[in-house]
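All chains are named by letter (A, B, ...) in the order of the sequence lines, taking the proteins before the strands, and each is independently numbered beginning at 1.
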Amino acid sequence: MEYDFKAIEAKWQARWAAKGTFKAVEDPTKPKYYVLDMFPYPSGAGLHVGHPLGYIASDIYSRYKRLCGYNVLHPMGYDAFGLPAEQYAIQTGQHPEITTTRNIDRYRGQLDRIGFSYDWDREVRTCDPEFYKWTQWAFLKMFDSWYDPEQDKARPLPELTARLEKEGYGDVTAAQWNSASEKEKSDILMRYRMAYQGETSVNWCPKLGTVLANDEVKEGLSVRGGFPVEQKKMKQWLLRVSAYAPRLLEGLDGLDWSDSLKEMQRNWIGKSEGTEMVFDTICDGKELPVTIFTTRADTVFGVTFMVLAPESDLVPQLTSESCRSEVEDYLRQVAKKTERERISDTHTVTGVFSGSYGINPLTGEKIPIWISEYVLAGYGTGAIMAVPAHDSRDYAFARKFNLPIIPLIEGCDVSKESFDAKEGVMCNSGFLNGMQVKEAIEAAKDYVEAHGLGKRKTNYRLRDAIFSRQRYWGEPFPIYYKNGIPTPLPEDALPLVLPQTDEFKPAETGEPPLARIKDWTYEGLPLETSTMPGFAGSSAYYLRYMSPRDGEALVSSEANAYWQDVDLYLGGAEHATGHLIYSRFWNKFLYDLGYVCKEEPFRKLVNQGMIQGRSSFVYRIVGTNTFVSAGLKDSYKTTEIHVDINLVRSDRLDMAAFRKWRPEFADARFILEEGEYICGYAVEKMSKSMYNVVNPDDICANYGADTLRLYEMFLGPLEQSKPWDTKGIDGVNRFLKKFWRLFYDRSELLVTDGKATAEELKVLHRLIAKEKEDMESFSFNTTISAFMIAVNDLTAMKCSKREILEPLLVLLSPYAPHIAEELWEKMGHGQSVTFARFPEYVEAYTVENNCTYAVSFNGKTRFTTELPADMGREEVEKKVRAMEQTSKYVEGKEIVKVIVVPGKIVNIVVK
RNA sequence: GCCUUGGUGGUGAAAUGGUAGACACGAGGGACUUAAAAUCCCUUGGACCGAAAGGUCCGUGCGGGUUCGAUUCCCGCCCGAGGCACCA
């Protein structure tokens with residue numbers, strides 16, 4: 001019987017679905033394991049072979065964990081709200097719901113063809129009202145909570161209002177609070193709510209007609225679409241993510257994530273410890289204290305000017321009459337610049353003198369106050385003390401505007417550039433003279449605090465997340481306006497369902513599509529017209545999978561108590577500063593309020609690499625329809641043209657197919673190398689326009705899902721980015737065919753019950769050891785190599801013994817589940833291999849057959865070799881002596897002692 | 001500029017202090033076949049010696065160091081990828 005992957009895969013996919021093989025049910029008698037993939041955004045282009053890479057890895061791991069006796073939760077769903085569907089709707093007039101549903105169906109078909117062990121009964125879609133009800137619910141909870149710095153956690157808002165009523169809070173006294181109007185009370189609470197409305201400078205993208213979060217902007221262009229983004233002051237909803245900055249930072253330590261990803265988050269959170277210092281200032285005779293932030297309090301004796309951010313609230317107050325028109329000119333210039341211009345132009349120094357002066361609190365010196373865009377309004381206090389000698393930006397500014405530069409470190413040369421390093425001995429610095437810089441920083445901080453000039457302060461770069469989008473295809477806010485005061489909908493009014501419309505474009509004025517809908521009201525009052533951003537729906541979806549149909553809670557407490565948190569999360573590193581920060585924030589918030597039992601949502605995180613495309617090129621001689629083979633192209637003047645990779649095999653062009661590909665190539669002529677046309681290639685992003693997209697459906701049709709799964713893993717280390725190249729796929733396909741032939745010879749089942757030889761057992765044991773070792777580090781590629789070696793060995797030994805093949809099948813089943821199921825059944829098992837128990841079928845065979853001996857000199861391990869476990873000390877010594885004959889490593893050394901550790905490793909200490 | 005990674009055959013890659021290149025692709029040769037497909041076997045880092053069996057030297061981006069021994073550890077460079085970027 002031949003290996004008929006088509007029939008086998010169709011049969012088992014149908015059977016798994018019919019029997020609910022992968023249905024996860026809470027079972028307190030079994031340990032749980034939660035394996036999660038980052039759910040996809042269902043785009044119109046469908047899946048290409050890069051998408052399933054992570055899904056295959058997590059599926060292998062899920063299936064392995066099931067074999068080890070864990071109760072595995074392995075769900076999948078769709079991140080279905082978002083801009084592309086809406087852009088498409090604007091272009092075509094088709095409702096995003098229709099295209100989204102169509103895309104989801106296509107994705108599902110493609111995913112099913114690969115044979116994943118998802119529990120589809122738990123599927124979620126973020127655009128489903130039954131799902132986004134809980135996104136809205138979480139928003140309401142954030143709206144009705146504040147961050148209590150004393151308890152260091154989020155608390156229900158009534159705790160704050162009670163305090164305001166009784167004793168006041170912050171800068172609001174009880175009397176002020178109790179006599180405040182509704183509107184005033186709302187404004188005060190907005191300063192504390194976890195979800196709040198604020199007037200902020202936002203990334204406004206005119207082309208998309210919406211604001212974007214910082215992580216949705218790259219180099220001044222929108223991530224989706226690549227349109228220019230500018231700064232604009234707008235009233236927006238925000239999430240007080242910054243309140244969690246310290247906990248988001250500390251929480252990283254306990255997580256099993258890659259160092260690079262943790263580092264990215266640390267940079268994004270951006271902790272910096274410094275000092276807030278108060279400088280007195282004078283503007284046209286009026287005095288005003290100004291607080292600045294610095295990490296270099298030690299350099300205060302070198303302050304020669306101060307700088308304000310153009311957007312700082314202090315600018316109007318600190319602009320003197322004589323300088324007003326120049327300052328206003330400058331502010332206009334700055335405002336006109338887009339974010340992109342400001343970023344690409346960081347080397348041009350701009351600024352204007354404000355006409356006011358500050359007083360150095362330590363020296364009493366009078367210093368000018370300038371305004372410049374190199375100071376950011378959103379960080380620290382929006383005002384700095386400038387020390388040109390020891391800060392490169394201050395230095396550039398001082399050079400440009402001829403401000404004095406005072407060096408503070410002995411022997412440093414500041415004639416060409418600033419001395420930014422924190423090393424050397426202080427000078428020109430009063431009481432700090434003679435100290436090392438590091439000591440001086442601490443001494444200066446102490447001094448400033450002791451003399452009441454300021455206090456220590458830790459700042460974070462992490463900003464509050466802008467949470468509203470002026471778009472249609474997102475979750476509506478459960479907020480309406482009563483006399484202009486934002487008011488939450490009652491919980492039982494959820495979900496607030498997105499209304500139907502056929503006009504998806506935002507108005508020119510920036511008015512969102514929902515503003516055009518006349519009856520978008522609640523009890524006759526206007527509802528909020530912006531919608532939530534893409535990350536809203538993805539921030540807690542992993543919780544919803546635990547009890548996806550629960551009508552009473554985001555996650556039922558029983559389900560949450562059982563599944564706890566995600567044990568393994570697999571996805572791309574591109575979500576490091578977006579989704580993975582927001583999710584952690586969201587989860588911590590729910591944890592503070594007691595809705596979930598774990599503070600961190602994702603215990604272990606693995607980032608799979610991107611799969612790039614491998615594009616092929618033909619070279620047309622300019623002005624002709626003649627194509628020259630890659631090796632000869634340098635002799636001609638040619639144009640490089642992308643050619644569909646389906647017309648190319650092993651870089652050789654199928655010329656007949658190429659002529660048929662497009663009418664203009666119908667009469668193409670070729671200049672060949674040794675009778676063939678060789679194409680050039682390049683590694684690029686996989687995309688339609690480069691004709692390099694490989695569809696997993698085609699691979700499944702030609703080679704089968706098991707081959708696709710093995711090949712994707714065989715391609716190289718999971719975390720590494722690599723180009724897709726189909727040409728190596730025959731290797732793993734051959735392996736599966738060989739594997740099949742261990743069991744079947746044409747029509748006959750070969751499997752026998754004979755006792756395995758030691759040699760045969762050794763082949764199996766090597767494989768078991770390898771698989772166990774590699775599974776935890778996701779080194780699936782080397783395990784597959786080990787499988788190939790084992791199968792080659794067994795083939796050579798003509799071994800088809802049940803004792804060997806049965807555990808082999810169990811071992812292979814996570815990687816190539818269809819073929820494993822089929823053969824498992826053929827061997828007479830009534831139940832799916834999914835329910836085979838790894839210990840029972842595999843570990844029972846791991847006898848103490850081999851162990852490793854290490855030879856060491858001076859206590860350090862020098863040389864390891866494999867010897868039989870039952871070898872006694874004398875024999876080991878004899879063996880080592882024999883090694884002397886063949887090994888240069890122990891030649892002429894005297895054996896001092898042999899340390900036998902029962903079971904495993906033996907140290908042979910040699911002198 | 002800063003942070004994180006990585007650099008090994010024609011290609012994807014193994015090896016985390018102990019015979020570098022496992023495994024696979026591609027290439028070349030052979031067997032079976034009318035032929036093709038499929039399958040199987042041999043060769044395949046480079047240079048050199050040898051009739052052959054076999055042997056010698058070089059080789060993991062570059063330069064140093066530690067070590068009996070370094071792809072692996074340490075120091076200094078060069079190059080690629082990803083992230084951050086006036087964050088005071």
Quick check on B:A14: is either OP1 or OP2 less than 4.0 Å from any side-chain nitrogen or oxygen of A:Asn781?
yes

Using Watson-Crick geometry (N1-N3 plus N6-O4 or O6-N4) or G-U wobble (N1-O2, O6-N3), each under 3.5 Å, B:U39 is paired with B:A31

Any side-chain N or O of A:Gln612 below 4.0 angstrom from OP1/OP2 of B:A81?
no

Across all strands, who's sitting opposite B:C62 as a Watson-Crick or G-U wobble pair, both distances under 3.5 Å?
B:G76

Taking B:G61 as the reference, what is the distance to B:C78 when you measure between their C1' atoms (whole Å, please)?
7 Å

Nearest-nucleotide comparison on RNA chain B, the residue closer to the 5′ end among A:Lys770 and A:Ala573:
A:Lys770

A:Phe739 and A:Phe735 aromatic ring geometry - parallel, tilted or perpendicular at 30°/60° bounds
tilted

Does a nitrogen or oxygen in the side chain of A:Lys727 sit under 4.0 Å from OP1 or OP2 of B:G12?
no

Specify the separation, in whole Å, of atom CD of A:Glu574 and atom P of B:G83.
9 Å

With C1' as the reference atom in both, quote the distance from B:U72 to B:A14 in angstrom, rounded to an integer.
13 Å

Looking only at B:A88, B:C23, B:U39, the nucleotide nearest the A:Arg734 side chain is B:U39

Would you say the side-chain atoms of A:Glu373 and A:Thr350 include a donor-acceptor pair closer than 3.5 Å?
yes

Classify the nucleic acid contact of A:Arg266 as base, sugar-phosphate or nothing, counting any heavy atom under 4.0 Å across all strands shown.
nothing

Does B:G26 have a Watson-Crick or wobble mate here (both distances under 3.5 Å), and if so which one?
B:U44

Using purine N1 to pyrimidine N3 plus N6-O4 or O6-N4 for Watson-Crick, or N1-O2 and O6-N3 for G-U wobble, both under 3.5 Å, which nucleotide pairs with B:U19?
none

Determine the interatomic distance between C1' on B:U67 and the same-named atom on B:C73; round to the nearest Å.
10 Å

Base, sugar-phosphate alone, or nothing: which one does A:Asp394 contact when heavy atoms must sit under 4.0 Å apart?
nothing

Any side-chain N or O of A:Arg741 below 4.0 angstrom from OP1/OP2 of B:C40?
yes

State the syn/anti category of B:G28 according to its glycosidic angle, syn meaning within 90° of 0.
anti

Check every atom of B:C40, B:A88, B:C84 against the side chain of A:Lys738 and return the nucleotide holding the closest atom.
B:C40

I want to check something: taking the side chain as every heavy atom from C-beta on, are A:Tyr379 and A:Arg463 in contact at a cut-off of under 4.5 Å?
yes

Roughly how many Å apart are B:C58 and B:U8, using the C1' atom of each and rounding to a whole number?
15 Å

Centres of the A:Phe780 and A:Phe778 rings: under 6.0 Å?
yes

Between A:Tyr460 and A:Ser242, is any side-chain donor less than 3.5 angstrom from a side-chain acceptor?
no

B:C48 and B:U34: how far apart are their C1' atoms, nearest whole angstrom?
46 Å

Say you pick atom C1' in B:C23 and the same atom in B:U33; how far apart are they, in whole Å?
30 Å

Please tell me which of the listed nucleotides, B:C84, B:C3, B:A24, lies nearest to the side chain of A:Glu263?
B:C3

When you check the phosphate oxygens OP1 and OP2 of B:A88, does a side-chain N or O of A:Tyr374 lie under 4.0 Å from one of them?
no

A:Ser418 and A:Asp391: side chain donor to acceptor below 3.5 Å
no

Please report the distance, rounded to the nearest Å, between CE in A:Met610 and C1' in B:G82.
10 Å

Under 4.0 Å, counting only non-hydrogen atoms across every strand here, what does A:Pro717 touch: a base, just sugar-phosphate, or nothing?
sugar-phosphate

Starting from P on B:C3, measure out to CD on A:Gln265 and report it in whole angstrom.
19 Å

Which part of the nucleic acid, if any, lies within reach of A:Lys262 when heavy atoms closer than 4.0 Å are counted: base, sugar-phosphate only, or nothing?
nothing

Tell me the interatomic distance from A:Phe397, atom CZ, to B:A88, atom C1', rounded to whole angstroms.
14 Å

For A:Ser260, report the nucleic acid contact type (base, sugar-phosphate, nothing); a contact means any heavy atom under 4.0 Å.
sugar-phosphate

Between A:Thr782 and A:Asp725, whichever has its closest RNA chain B nucleotide further toward 5' is A:Asp725

Mind checking if A:Arg614 touches a base, just sugar-phosphate, or nothing, with heavy atoms under 4.0 Å?
nothing

Atom NZ of A:Lys445 and atom C1' of B:A88 are separated, to the nearest Å, by 13 Å

Using the P atom as the point on both nucleotides, what is the distance between B:U11 and B:G7, in whole Å?
15 Å

With a non-hydrogen cut-off below 4.0 angstrom, is A:Ile384 in contact with a base, only sugar-phosphate, or nothing?
base

Side-chain contact check for A:Thr577: nearest option of B:C25, B:C84, B:U5 is B:C84

Nearest-angstrom distance from the residue atom OH of A:Tyr711 to C1' of B:A24:
9 Å

Per A:Phe714 side chain, nearest of listed nucleotides B:C86, B:C23, B:A13
B:C23

Quick one: A:Trp724 CH2 to B:U11 P, roughly how many Å, whole number?
20 Å

Would A:Arg584 and A:Trp257 count as a cation-pi pair here, with the cationic atom under 6.0 angstrom from the ring centre and within 45° of the axis?
yes

What is the separation between atom NE2 on A:His575 and atom C1' on B:C84, rounded to the nearest whole Å?
18 Å

Are A:Phe305 and A:Phe401, when compared by the centres of their aromatic rings, separated by less than 6.0 Å?
no

Could you check A:Glu442 against A:Arg456 for salt bridge (Lys or Arg N to Asp or Glu O under 4.0 Å), going step by step and ending with a plain yes or no?
CA-CA 10 Å; A:Glu442 289 311 309; A:Arg456 280 182 161 79; 2.9 Å; yes

Pairwise P distance for B:G76 and B:C3, with rounding to whole Å:
12 Å

What does B:G1 pair with, Watson-Crick or G-U, if both distances are under 3.5 Å?
B:C84

Nearest to side-chain heavy atoms of A:Ser785, which nucleotide of B:A88, B:G83, B:A22
B:A22

Name the closest nucleotide to the A:Ile789 side chain, picking from B:C25, B:A24, B:A22.
B:A22

